[in-house]
Amino acid sequence: IEPIIVPTLTPYFANSPASMPVGGNIPFFVVVANPSSTSAIANGTVTISLPAGLQVVAGSLGTTCPGTVTYSPSSSTITHTGIALGKSANCQDGFTLTATSLFLQTVSATATVGTTSGSSVSASITVADVAVSLAFMGEPSSVFVGAPFTFIVTAVDPLGGPDTFYAGTVTFTSSDQAAGLPSSYT
């Protein structure tokens, strides 16, 4: 009985250290290798799982591996089936990811041959909070001298949504020297 050889995987991002802004794109690769110098791999499968904050950019897939790759840009799973590798051979899957949310995102990949699974590996990327703007809402168009009023300041991410992770300082200024302003807020 020949042993079942499961490919080894090496995932990596094109940039090191891996970081990108929300809405930005980055190439991601998985090297698929046959660790055996005596046996070939037939009908291997690689499954790549994306976290909720990363998506595949449509049309960005490139591969040197034989087999069939299935994914959709909005899917969180990329599956490459039918991978065949000769002794000590390797190939590479690559695609572009775009970030839709902040913080550390981890992409994981698992190789299988039949019902035999290999180890799961992962690569992480930090999605940075950049290009945040502030939106002011609820301020009146005019006020009486000395009358207080309320307004709301919201941090907005590059995609136009509220940035609930904004950790910067908001400082208030006015051209009216007599205006009473709130203190800076962090």
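Values below: every heavy atom of this structure, side chains too, minus hydrogens, waters and symmetry copies.
Annotation: side chain to side chain donor-acceptor pair (under 3.5 Å) contacts of Thr96 (sequence neighbours excluded): none. Not counting sequence neighbours, Thr70 has no partner by the side chain to side chain donor-acceptor pair (under 3.5 Å) test. Thr63 pairs by the side chain to side chain donor-acceptor pair (under 3.5 Å) definition with Asp93, not counting sequence neighbours.
Between the side chain of Asn34 and the backbone N or O of Ala89, no donor-acceptor pair lies under 3.5 Å. Although no hydrogens or angles enter the test, the distance criterion places no donor-acceptor pair under 3.5 Å between the side chain of Thr8 and the main chain of Pro35. No donor-acceptor pair under 3.5 Å is formed between the side chain of Ser37 and the backbone N or O of Ser88.
Inspection of the Thr169 and Ser184 side chains reveals no N or O donor paired with an N or O acceptor under 3.5 Å.
In this structure, Asn90 and Leu85 have side chains that are not in contact, with every pair of non-hydrogen atoms separated by 4.5 Å or more. Using a 4.5 Å heavy-atom cutoff, the side chains of Val107 and Ile48 are in contact. Proximity of Leu50 to Thr77: side-chain heavy atoms (C-beta onward) are nowhere separated by under 4.5 Å. A 4.5 Å side-chain heavy-atom check between Val69 and Ile78 finds at least one atom pair inside the cut-off. In this structure the side chain of Tyr12 reaches within 4.5 angstrom of the side chain of Gln92, judged on heavy atoms. At least one side-chain heavy atom of Ser124 sits less than 4.5 Å from a side-chain heavy atom of Thr106. Residues Phe28 and Ile125 form no side-chain contact, since every pair of their non-hydrogen atoms from C-beta on lies 4.5 Å or further apart. The shortest distance between side-chain heavy atoms of Val31 and Leu9 does not fall below 4.5 Å.
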> Taking it one step at a time, do Thr110 and Ser120 satisfy side-chain hydrogen bond (donor to acceptor under 3.5 Å, both in side chains)?
Replying inline: CA-CA 5 Å; Thr110 304; Ser120 185; 3.3 Å; yes
>> Working note: Ile83 + Thr45, criterion side-chain contact (heavy atoms from CB on, under 4.5 Å); need CA distance, chi angles, decisive distance, verdict.
In response: CA-CA 6 Å; Ile83 297 173; Thr45 298; over 6 Å; no
>> Does Val153 form a side-chain contact (heavy atoms from CB on, under 4.5 Å) with Phe172? I'd like the steps, not just the answer.
In response: CA-CA 10 Å; Val153 178; Phe172 301 94; 3.8 Å; yes
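Rounding to the nearest 0.5 angstrom, the gap separating the NE2 atom in His80 from the CG atom in Leu61 is 8.5 Å. To the nearest 0.5 Å, atom CD of residue Glu139 and atom CD1 of residue Ile152 are 10.0 Å apart. Atoms CD1 and OG, on Ile4 and Ser117 in that order, are 10.5 Å from each other to the nearest 0.5 Å. Put simply, CG on Leu97 and CG on Leu54 are 5.5 Å apart, with the number rounded to the nearest 0.5 Å.
Proximity of the aromatic rings of Phe144 and Phe149 is defined here by a centroid distance below 6.0 angstrom, and this criterion is not met.
Between Ser39 and Ile5, the closest heavy-atom pair is CB-CG1, 3.9 Å. Closest non-hydrogen pair, Val143 versus Pro140, comes out as CG1-CG, 3.3 Å. Here the closest heavy-atom approach between residue Ala84 and residue Pro66 is recorded as O-CG, 3.2 Å. The two residues Gly86 and Ala40 come nearest to each other via the heavy atoms CA-CB, 4.1 Å. Minimum interatomic distance between Val6 and Ala111 (heavy atoms only, all atoms of both residues): CG1-O, 3.6 Å.
Linking ILVMFWY residues whenever their side-chain heavy atoms come closer than 4.5 Å, directly or via other members, leaves Ile26 and Phe29 in distinct clusters. At a threshold of 4.5 Å between side-chain heavy atoms, the hydrophobic network of Ile, Leu, Val, Met, Phe, Trp and Tyr places Leu181 and Phe151 in one connected group.
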